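Bear in mind the structure is a predicted one, so any value in this text is a computation, not a measurement. We count ligands from 1, going down the list as the structure has it; atoms in each ligand are counted the same way.
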Amino acid sequence: MTTVTPPIPTPDGIAEAWASEQTITCRDERTGLRAIIAIDDTTLGPGFGGVRYRAYPTTAAAAREAQRLAAAMTLKHALAELPYGGAKSVVMLDGEAPAPGSPERRALFARFGEMIARTGGTYIPGVDMGTLLEDMQAIRDDGGARAFCDEVSPSPFTARGVHAAMRSAAVHHHGEGGLAGAHVVVQGVGSVGAEVARLAHADGARVTVADVDTARAGALADELGGTAIDAEQAPFHPADVFSPCAVARVVTRDTIARIPARIIVGAANDTLDEPGCAEDLREAGITFVPDFVANAGGVVQVHGGVSGWSDEETLAAVDRIGERVSELLTTAQTQQITPLAAALQRASAALGREVVA
Ligand SMILES: NC(=O)c1ccc[n+]([C@@H]2O[C@H](COP(=O)([O-])OP(=O)(O)OC[C@H]3O[C@@H](n4cnc5c(N)ncnc54)[C@H](O)[C@@H]3O)[C@@H](O)[C@H]2O)c1
């Protein structure tokens with residue numbers, strides 16, 4: 001007799017069942033591991049994406065974040081012309097995170113590494129919010145999985161790419177003078193935003209900075225002869241360029257009418273609260289450079305590192321982000337579509353399927 005076991009209903013579900021190519025849940029009682037790996041698309045290569053380690057209100061919320069971020073990595077790699085698919089994983093934090101260097105932490109990531117190894121290299125993890133280089137080393141050395149453990153910080157490369165994107169958008173708007181004389185507001189002056197501000201300043205832009213860490217913003221404003229403003233007001237401050245380099249979803253359908261800048265380009269992932277904002281921005285005459293295009297400098301550097309590129313080759317590949325932005329803005333203008341739609345067209349062509357935001 002054949003018995004069919006119905007799926008066990010859970011109060012918060014697991015994930016959008018078919019959102020990713022593969023969604024894998026990982027459980028280990030000894031270390032307390034609860035993790036979800038989302039491999040979004042492997043058309044262009046193995047899925048590469050960071051391991052996020054934080055608390056989530058529900059399993060479903062963790063799974064959705066893994067799937068959503070994995071899909072964004074697919075787009076980022078496709079647009080950056082890198083030989084990777086998109087993936088991401090989340091390790092669910094329950095209470096305090098074990099201290100860096102502790103045996104508990106090492107054991108947790110070693111066990112997760114064993115589970116990643118079962119994907120046979122289809123998922124390649126890297127550092128993301130809440131994880132450290134030592135965690136990737138535990139995944140690789142103790143868990144036996146392939147992991148990207150680059151000791152070089154990707155942030156300066158991300159900043160260089162954002163700046164290249166910003167300069168191309170400024171040239172598109174103002175002609176060859178680009179950023180010279182433009183007013184740039186940078187929201188979030190951490191490892192990426194501060195460098196974006198310095199590069200824009202070196203290009204002759206007037207720079208205004210904003211950070212919840214007001215001392216950090218003040219010090220950078222002094223360094224660049226600029227002004228520091230309230231962090232929440234940054235999108236609404238009169239400027240030519242607004243560069244979100246802090247948190248996600250700073251542009252919402254309700255706030256677009258209050259944004260004076262004509263160009264939005266930054267490092268923060270998920271700048272738009274919803275994809276529909278892209279069309280609203282176009283109608284408002286604001287050029288939005290998709291974040292997954294502008295902030296790819298870090299993954300380009302990681303790829304350059306594992307591929308043995310020279311510094312010159314890596315920097316040239318990061319600078320190519322600027323050329324790509326010029327091409328996308330020209331396509332968008334010619335076809336009367338948003339730069340986001342132009343980027344999705346490119347991703348669709350690379351992936352051989354229609355990609356929607
Ligand atoms: N570091 C990279 O290579 C990289 C790559 C791709 C995307 N990103 C994204 O770029 C953003 C910045 O990354 P980072 O590495 O510079 O981070 P970071 O933590 O070094 O800096 C973030 C800065 O933003 C500030 N901040 C936080 N909330 C804020 C708010 N509401 N308003 C204004 N400032 C606020 C923080 O005080 C901090 O100074 C993040 O969204 C990150 O996910 C970073």
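Checking only distances, S155 does come within under 3.5 Å of ligand 1, N or O to N or O. In terms of polar-atom proximity, G298 is not counted as a contact of ligand 1, lacking any N or O under 3.5 Å from an N or O of the ligand. Considering backbone and side-chain N/O of K76, none are found under 3.5 Å from N/O of ligand 1. Looking at A246 next to ligand 1, an N or O pair under 3.5 Å apart turns up.
When non-hydrogen atoms are compared, ligand 1 lies under 4.0 Å from the side chain of T158 (C-beta onward) but not from its backbone. In M129, neither the side chain nor the backbone holds a heavy atom less than 4.0 Å from any atom of ligand 1.
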Trace of the side-chain hydrogen bond (donor to acceptor under 3.5 Å, both in side chains) decision for T158 with S155: CA-CA 5 Å; T158 303; S155 301; 5.7 Å; no
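Checked against a 6.0 Å centroid threshold, the rings of F48 and Y123 do not count as neighbours.
Tested against Y56, the residues E65, R64, R34 include a single side chain to side chain donor-acceptor pair (under 3.5 Å) partner, E65.
Between P125 and I116, the closest side-chain pair of non-hydrogen atoms falls below 4.5 Å.
Contact between C245 and G266 at its shortest, heavy atoms only, is SG-CA, 4.3 Å.
Comparing V299, V212, V250 by heavy-atom distance to atom 29 (C) of ligand 1, the nearest is V212. The nearest non-hydrogen atom to atom 15 (O) of ligand 1, considering only C245, P156, S191, comes from S191. By heavy-atom distance, the residue among A231, G50, A267 lying nearest atom 33 (C) of ligand 1 is A231.
Ranking the protein heavy atoms by distance from atom 25 (C) of ligand 1 puts D211 OD1, 3.2 Å first. Closest to atom 16 (O) of ligand 1 among all protein heavy atoms lies V192 N, 2.9 Å. Residue, atom and distance of the protein heavy atom nearest to atom 21 (O) of ligand 1 are G190 CA, 3.2 Å. Looking only at heavy atoms of the protein, atom 38 (C) of ligand 1 is closest to R216 NH1, 3.3 Å. Considering only non-hydrogen protein atoms, atom 43 (O) of ligand 1 sits nearest to N269 ND2, 3.5 Å. From the protein, the heavy atom lying nearest to atom 28 (N) of ligand 1 is V247 CG1, 3.6 Å.
The pair R353-D41 meets the salt-bridge criterion, since a charged nitrogen lies less than 4.0 angstrom from a carboxylate oxygen. A salt bridge is defined here as a Lys NZ or Arg NE, NH1 or NH2 lying under 4.0 Å from an Asp or Glu carboxylate O, and R111 with D28 meets this definition.
Within the listing of ligand 1, atoms 24 (O), 34 (N) sit less than 4.0 angstrom from a heavy atom of G188.
T31 places no side-chain N or O within donor-acceptor distance of the main-chain N or O of L108, the cut-off being under 3.5 Å.
With sequence neighbours excluded, the residues that form a salt bridge (Lys or Arg N to Asp or Glu O under 4.0 Å) with E323 are R320.
Side-chain contact check for T287 and H172: no donor-acceptor pair (N or O, by modelled atom type) lies under 3.5 Å.
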